[in-house]
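What follows is one structure encoded as structure tokens, with my remarks underneath.
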Amino acid sequence: MRRTSPEPQPRPHRTRPRTRTAVGAAAAGALALAAASLAALPQAAQAAEVHCKAVYAVQNDWGSGFQSTVTVTNLGTAWTSWTLGFSYAGTQSLSSGWNGSWTQSGRNVTVAGLPWNAAVPSGGSVAPAATFSYSGANTAPTAFTVNGVPCDGSGPTAPPTSPPPTSAPPTDPPTTPPAQPAPALHVSGNRLVTAAGTPYRLLGVNRSSGEFACVQGKGVWDGPADQATVDAMRGWNVHAVRLPLNEECWLDTTSGTPAGGTTGAAYRKAVKDYTDLLVANGINVVLDLHWSHGQYTGPGAGCSDTAATCQKPMPDLQYAPTFWTQVAETFKGDDAVLFDLFNEPYPDAADNWADATAAWTCLRDGGSCPGIGYPVAGMQTLVDAVRATGATNVVMTGGLTWTNDLSQWLAYAPQDPAGNLMASWHSYSWNGCVSVSCWDTAIGAVAAKVPVQAGEIGQATCAHDYIDQVTAWADAHGVGYTAWTWNPWGVCDSNGNVLVTDWNGTPTSTFGEGYRAHLLTQQP
């Protein structure tokens, strides 16, 4: 993401006639009672027809809070609406909920269906989920109702083995499956595939901080990088994490590293340990060269430093090839790890968009590029550096204009002797190519030839309407995506695009909630 800092740089009443006699009043009362009884019949009949089963499950409990799901199966006739009710016995307090409208009064919790999942066919299920805080014991509720009727598992019909498809999107799985190591991947035609040849997409999130924390006195990850955080990602159905890195922190070529910063061997170990942990938990890792060496003060500049303290328009020839040589040496043999050779090239902006041919040539071949005052490492140089180590890991290269423009990617793609090259694309709502027609023309043409990964997606508001369009298009074209970003920075606007409010994976409203709900419907 193009940024200079990881932090924000978000009814009338009718009276009885007085002339009515007592007898008339009594008769009117009887009629009113009868009418009320008749009016109540449909509601009573609907409640009487409710038969259901409720299964409560806790996906993750971190001592002071937890994430739970109630999977409700309709064992009777179809519902046009539903309201789930249950009670806790302890101090559980609602934090956030999804797949339903959640409220809590005292210990009583109520969840009402949303427009897209209010109708539940016979045999169908809904799975509202939420996070709660608590202290003391976390005793599970045992009694559940739907529309006021106990969900006791009985009904006129047994739930089918496989629920019929519905128009509602799938919801949270009742449990998180045991972790299996992430698959080794390679390129086959225009798809990433596993060793068995099964097509596989990288679907997940970015975890920012490896690019900035080390030069801002914040360690490496500016927060935990442990099993609990990985479990939280798995609770979102994350299958890929993109880790932005800092070239000079890896190589230990920084000068004046601030107190609390981590460089050299300690930085490299932190990257290796976190990558190994993610892979062991079934999550593929994309390592991305994000901040690099080289002084640049032209259009789009994020800093005037020579050191790797911001995004530069192109990787530098002085250090970038060495960086990728060392990264490749570290991870060769582990093809569950992929290499994104440079975050967001913008040599065209550096030259004020004066010569597109020169910009695409700079991207591929490097050297002396217009508007850039330091020697540039082109993508071919970086591919060669990786392959010279014997590493066969999949590599990604981007396009122009902060890799939103892939219009000539096929014509200027570097040569990869390993045949494991794919295209990197970024899509934010403020970019130039933001419509389905542009994606069909510029991105679809590339995706028809090689795998494409939307390494960063986001939008300029806290909603999720734009990324909904991106993911829908990507799903239809076999394109993977990792949204920006899994960092609790407190905002979700164009300065942050923040998915979570804490390291436990509580989604932001509504950007994180929308993206999480979508991930839960997808499989790689």
Side-chain angles (χ1 to χ4, degrees), residues 184-187 192 210-211 214 242-254 263-265 267-269 271-272 275 284-294 296 306-308 311-347 359-369 372 374-400 403 409 412-424 450-451 453 455:
L185 300 174
H186 65 275
V187 171
L192 283 179
E211 77 276 31
C214 58
R242 183 171 179 263
L243 296 179
L245 302 180
N246 186 295
E247 172 186 280
E248 292 190 292
C249 290
W250 177 281
L251 296 173
D252 199 18
T253 56
T254 58
T263 63
Y267 181 91
R268 295 191 292 271
K269 183 178 186 302
V271 173
K272 180 69 163 61
T275 299
N284 288 93
V285 174
V286 179
L287 299 176
D288 148 52
L289 174 53
H290 211 85
W291 284 7
S292 54
H293 180 86
Y296 173 75
T306 300
Q311 164 76 41
K312 306 297 171 65
M314 283 291 291
D316 63 296
L317 187 61
Q318 183 174 356
Y319 293 123
T322 302
F323 169 85
W324 278 116
T325 295
Q326 292 190 11
V327 172
E329 288 283 3
T330 301
F331 292 99
K332 70 178 180 181
D334 185 357
D335 288 342
V337 180
L338 301 86
F339 304 151
D340 189 351
L341 298 184
F342 192 67
N343 176 42
E344 292 182 344
Y346 57 99
W360 281 104
T361 301
C362 171
L363 180 64
R364 182 188 62 198
D365 300 335
S368 179
C369 296
I372 303 176
Y374 56 87
V376 167
M379 295 301 104
Q380 187 65 63
T381 297
L382 300 185
V383 170
D384 293 344
V386 169
R387 298 305 181 220
T389 68
T392 59
N393 306 63
V394 173
V395 295
M396 304 178 186
T397 64
L400 298 182
T403 203
W409 189 94
Y412 288 89
Q415 297 298 308
D416 178 18
N420 273 333
L421 178 69
M422 64 187 297
S424 169
V450 299
Q453 179 68 19

Can you measure from SG (Cys369) to CE (Met314) and round to the nearest 0.5 angstrom? 5.5 Å
Without swapping roles, check the side chain of Asp335 against the backbone of Leu185 for a donor-acceptor pair under 3.5 Å. no
Under 3.5 Å, is there a donor on one side chain and an acceptor on the other for Arg242 and Asn343? yes
Nearest 0.5 angstrom please: Phe331 CZ to Leu287 CG, how far? 5.0 Å
How about Thr330 and Lys272: do any of their side-chain heavy atoms sit closer than 4.5 Å? yes
CD/Gln453 to OG1/Thr403 distance, rounded to the nearest 0.5 angstrom? 11.5 Å
My understanding is that only one of Val286, Thr275, Val337 makes a side chain to side chain contact (heavy atoms under 4.5 Å, CB included) with Leu243; could you say which? Thr275
On the 0 to 90° scale, with breaks at 30° and 60°, tag the Tyr346-Tyr296 ring pair as parallel, tilted or perpendicular. perpendicular
Ser292 backbone acceptor or donor facing Lys312 side chain under 3.5 Å: yes
Indicate yes or no for a side-chain donor-acceptor contact from Glu344 to the backbone of Gln311 under 3.5 Å, with no hydrogens or angles considered. no
Between Val394 and Val187, is any pair of side-chain heavy atoms under 4.5 Å apart? yes
Stepwise side-chain contact (heavy atoms from CB on, under 4.5 Å) test for Asp316 and Glu247: CA-CA 10 Å; Asp316 63 296; Glu247 172 186 280; 2.8 Å; yes
Identify the residue among Gln380, Arg364, Arg387 that makes a side chain to side chain contact (heavy atoms under 4.5 Å, CB included) with Gln415. Gln380
Does His293 offer a backbone N or O that forms a donor-acceptor pair with the side chain of Glu248 under 3.5 Å? no
Heavy-atom pair of closest approach, residues Pro321 and Thr381: CG-CG2, 4.0 Å
Do you know which two heavy atoms are closest between Ala336 and Asn284, and how far apart they sit? O-ND2, 2.9 Å
Separation of Leu289 CG from Tyr319 OH (nearest 0.5 Å): 14.0 Å
Contact summary for Pro347 and Pro345, nearest pair of heavy atoms: CD-C, 3.5 Å
Hey, are Thr389 and Trp324 close enough side-chain-wise for a donor-acceptor pair under 3.5 Å? no
Start with the C-alpha gap between Leu338 and Met422, add the side-chain angles, then the distance that decides, and say whether side-chain contact (heavy atoms from CB on, under 4.5 Å) holds. CA-CA 10 Å; Leu338 301 86; Met422 64 187 297; 4.3 Å; yes
Could you state the interatomic distance from CZ (Phe342) to CG (Asp288), rounded to the nearest 0.5 Å? 9.0 Å
Check whether Asn246 reaches the backbone of Ala308 with its side chain - one donor and one acceptor, N or O, closer than 3.5 Å. yes
Counting N and O atoms only, with roles assigned by atom type, does the side chain of Tyr412 sit under 3.5 Å from a partner on the main chain of Asp365, one being a donor and the other an acceptor? no
What do the steps show when you test Thr392 against Lys332 for side-chain contact (heavy atoms from CB on, under 4.5 Å), and what is the final call? CA-CA 7 Å; Thr392 59; Lys332 70 178 180 181; over 6 Å; no
What are the two closest heavy atoms between Leu341 and Leu382, and how far apart are they? O-CD1, 3.8 Å
Measure the shortest side-chain to side-chain distance between Thr397 and Leu421 over non-hydrogen atoms and say whether it is less than 4.5 angstrom. yes
As an exercise, state the distance from CE of Met379 to CG of Asp416, rounded to the nearest 0.5 Å. 13.5 Å
Trp409 side chain to Ser424 main-chain N or O, any donor-acceptor pair under 3.5 Å? no
Is there a side-chain contact (heavy atoms from CB on, under 4.5 Å) between Tyr267 and Thr254 once you walk through the steps? CA-CA 12 Å; Tyr267 181 91; Thr254 58; over 6 Å; no
